[in-house]
Structure formats: C-alpha cells, structure tokens
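In what follows, a single structure is set out as structure tokens and then discussed.
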2 protein chains.
Amino acid sequence: MNSSAADRAYAEVRGLILSGDASPGTPLREEALADIVGVSRTPIREALRRLEAELYAVRTRSGRLVVADWDVDDVAEMFALRAMLEGHAAARAAVRMTACELDQLKACNVDLEAAIAASEPDIAGFLAANRRFHDIVLRTSASVRLTTMLAGLVEQPIVRRTATRYDRSDLERSALEHGQLIQACAARDAEWARSVMTAHIRRALHAFRAASPSK
Amino acid sequence: MNSSAADRAYAEVRGLILSGDASPGTPLREEALADIVGVSRTPIREALRRLEAELYAVRTRSGRLVVADWDVDDVAEMFALRAMLEGHAAARAAVRMTACELDQLKACNVDLEAAIAASEPDIAGFLAANRRFHDIVLRTSASVRLTTMLAGLVEQPIVRRTATRYDRSDLERSALEHGQLIQACAARDAEWARSVMTAHIRRALHAFRAASPSK
DNA sequence: CCATCCATTTTTGTATACAATAGCGGCCAC
DNA sequence: GTGGCCGCTATTGTATACAAAAATGGATGG
C-alpha cells in the first residue's frame, strides 16, 4: 500500500530483525542497510527512527543502533500492556459495534475455526484470521491513539514464535475466546468485552511462555 | 541535555503547537520551520516524524502535515489511556520501590505542598514538582516500554491549560492523592498503588474538563 | 458565471556531499 | 608485556541538490 522507499526500508529492516536474521545486539548501520534495501541513507534513517521508537532497536551510548534484546520480562510486559490496551479497545468497540462489524467478526472467526479444523492446522490461515479479528476490534474502537500505540506491540511476540510449535488446544481456546468476545459485543457489554479480551491476551502470554524454547 | 539540531527542532515545533502559536489545522511546512528553527530540513523532518507519531500532527492525504485538532473525546481518551498506563506503572513501582526512591517521592510532595501553601499558589512550582513525582514513579516502574508509551501522553493536555485557572482545591487534592500513593508504595501494595494512580488521573480529567474554556 | 484543464509554483521525498565525532588499531615508552 | 597516546577510519548528524507529486492560479470554453 504505502510503497515509499522509507516504508519499504522499514518493512525490510523490521523483517530482518523479526526473522532473527539480524540477531539481538547486531549493529544496524545505515549505509549497510541502505545497500541491502537498495535506497539511500535518508529513508533508512527514517525507518530506523521508527524501529527505535517501537523498541525494535536500542541506541548504544552515542548514536549506534543495535537490534534490541527482549528478555522474558520484556515479553511479559509487552503482553501485559497489550492486555490492557486491547481490553480497552474491546470495551470501546463493544458499545460502538454495528451489525455489519459484528458480522465481520463472526466471519473472521469462521475462517479461524476452519483453519484449525483440519487434522494438520493451517497456522498461517489461523494467524491471518486472528490478525483480521483483532484489527476489526481495533478499528471499531475508533481511537486513533489506541491504534497507534498498539501498532508496534502486536507483531513483536508473534514472529519470534515461528520456529516454535503451536499447540492445538491453544488454537481452539483462541477460537472459543473470540466467540465470547462476539457475545460480549452483541450484548454491548463493554466490561464483559474488556474482561474477555484481557483474559484472551493473558492466556496467550502463558501459551507463549510454555512454547518458548528458552524458559 | 540532548541538544542536537533534531532535538531542538522537536522541542521548538512542539512548543509552537502546545503554546497555541500554531493552532489546529495550521500546516507544518518543512522549509518554513527550518527557517524558524534555524536548521536545515533534515532535522526538521525528523522532528515532524516524531510529532506525527505522537499525534501532535496529522497527515492530510498525501504528505502535508497539519497541527492536530484534539476534541473533547480525544482528550478524554488520552486521560483514560494515561490512567491505565500510569496505574500500571504505579503497580510496578510499588513492588520495586526502594527506601531511597520513597524518600525522593516524599521530598517531591513536600515541594508540591510548599508550592500550593502560599496565598497565591505557585503554579509553575506545582507543575514542576508534580512532573518530578510522576517521573520518579515511572522510572521506578523499570519498564522502558511503558516510559516510551507514556512520553507523548503526559505533556499534551497540560499545556493547553496554561490560560485556564487552576482551582486550589484541585491542587490540594493532588497533594493528597500523591500522599496516598506514597502510602501504597510504602506498603508495597501494587493494586492499591494502581487504584490510587488511576483515580488520580481520572480526577485530573474531570478537573481539566471543568476548567476547559469550551465545554 | 461556472467548470475544467493546463502551467506554474509550492512542497515533500530521495540522494548525495560534507562535517563532526566516536571507535579502533598501531606505536611507543616504561 | 602492558598501558597510554595518537592518527586513522568508520559511522552518524546535518546541509543541500535534485526529482516527483500535488496544490494553486489563471485562462478558456461552455
């Protein structure tokens, strides 16, 4: 969509970080990245500033950027913040949800259930449907600030997990909890929606921890 | 402290916005700002990107940045988010607080009380002490992510208020609530601290609303 | 009088050149 | 052999030049 050089640079460098291709501690040198992405330093700088603001990268004393290293506490904190903020988003969404958006939510969850119904679950399909589900909630919450704040928070723990195994029971629980959220939204019950979403994210934290290679 | 051209540009442009010198809707043209600040467009761009990320400015379809216009709902949402996040920070801080930091908090509140004790309250002194108080809590929470997310949230509603009158009872209530937070931290009670801080911010929202010129 | 189209001008996006500074390695003295 | 100093290199910060896209203005036709 946004295919400016700076946006491509952002996506590409973030990809390097999330894929583990650039492991924590790796220096992010502007010129080197410019060569990789095929643009000049200017859009690279812009991308790096965004990544720094989202804490994908940290600045060593004086200038140098390196890939950030998230320990277990960091990840737990990210989930805690996400639980609060997405809970808040769900509460706002519940009272703003129209029939149309409710239908979209239901359709999303149908897709999600379909993705995990097969004997071999379709993880990519699950993640896509899950992502759409949460995006709809966020959009319905109608708070640009919330959306902005959550933007840098959702991707991060997911991708580190690509190598790890997804437990089927976790996937099924997700579908169940999404169903509960749909109920809460249908009932226009903000606090119910908040509770369900908060619980949903906090469970995801523990699922993530259990699946983590290094405890 | 950070006196690079980009940081000065950020501070100066943000000052223009918060002072109302650049009113909502005013276009933020890079070259014009470069002339004002006395640097080239490059650091100005960097500053504008930060201001955009913090929603001080919004981007009209295709490129142009204009000063953002916060309506009452926006401000309410900012306070709600701040209440959640600072509440979380207080909860974390309560269990991490050392005697040293507790003393700093107490000292801050002594200053704050001194600032409002005079017959004519020292608003600037109050704001400074208040700021230090919240900064200590945030620092003690030991979450860089939380600190980053709150950074763009605390300044914004305050300065719009420079013209409005501060009610003495509100100032006194602030001092009282800070005292309660100190108690909660002394007791290492995370949920008590969270509740006090959340209530503190939410009261501030209503004080702000009451003092707002345009209701 | 109003809408539309084209040219000009303004404004942003990107690339590159230059300046400043920190890091690094070698060399020398001890 | 080790520690400190000096010069060089690598890297970021800033300025400027150029390209692209969009707004503005006026002229023109209806």
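By convention in this document, chain letters (A, B, ...) are assigned in the order of the sequence lines, proteins followed by strands, and residues within each chain are numbered from 1.
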Seminar exercise, completed: Bounded by its outermost nucleotides with an atom under 4.0 Å from a heavy atom of chain A, the footprint on DNA chain C reads C:dT14 to C:dG23
Applying side chain to side chain donor-acceptor pair (under 3.5 Å), can you list everything that pairs with [X], at least two apart in sequence or on another chain?
X      : value
B:R14  : none
B:R96  : none
B:E191 : B:R194

Exercise. Within the structure shown, what part of the strands sits under 4.0 Å from A:R64 by heavy-atom distance: base, sugar-phosphate, or nothing?
Worked result: sugar-phosphate
Problem set entry | Distance in angstrom units between A:D35 CG and D:dA10 C1', rounded | 14 Å
For this session: Round to a whole Å and report the spacing from CG of B:L65 to C1' of D:dA22.
Result: 15 Å
Throw together a table of side-chain donor-acceptor distances under 3.5 angstrom for residues 144-153 of chain B, partners on residues two or more places apart or in other chains.
residue	atom	partner	partner atom	Å
B:R145	NH2	A:Q156	OE1	3.3
B:T147	OG1	B:S143	O	2.9
B:T148	OG1	B:V144	O	2.7

Seminar exercise, completed: In numerical order, the residues of residues 25-33 of chain B whose heavy atoms come under 4.0 Å of DNA chain C are B:L28, B:R29, B:E30
For this session: Report the residue (A:T60 or A:P43) whose heavy-atom-nearest nucleotide on DNA chain C is the more 5′ of the two.
Result: A:P43
For this session: Answer yes when B:E46 and B:R49 have at least one side-chain N-carboxylate O distance shorter than 4.0 Å, and no when they do not.
Result: no
Exercise. With nearest nucleotides of DNA chain D determined for B:R61 and A:R41 from heavy-atom distances, which residue corresponds to the more 5′ nucleotide?
Worked result: A:R41
Seminar exercise, completed: Taken in chain and number order and not counting sequence neighbours, the residues that satisfy ring pair (Phe, Tyr, Trp, His ring centres under 6.0 Å) with B:F133 are B:H178
For this session: Check salt bridge (Lys or Arg N to Asp or Glu O under 4.0 Å) between B:D135 and all other residues, then give those that pass, not counting sequence neighbours.
Result: B:R131
For this session: Taking side chain to side chain contact (heavy atoms under 4.5 Å, CB included) as the test, write out the residues that go with A:I36, two or more places apart.
Result: A:E12, A:L33
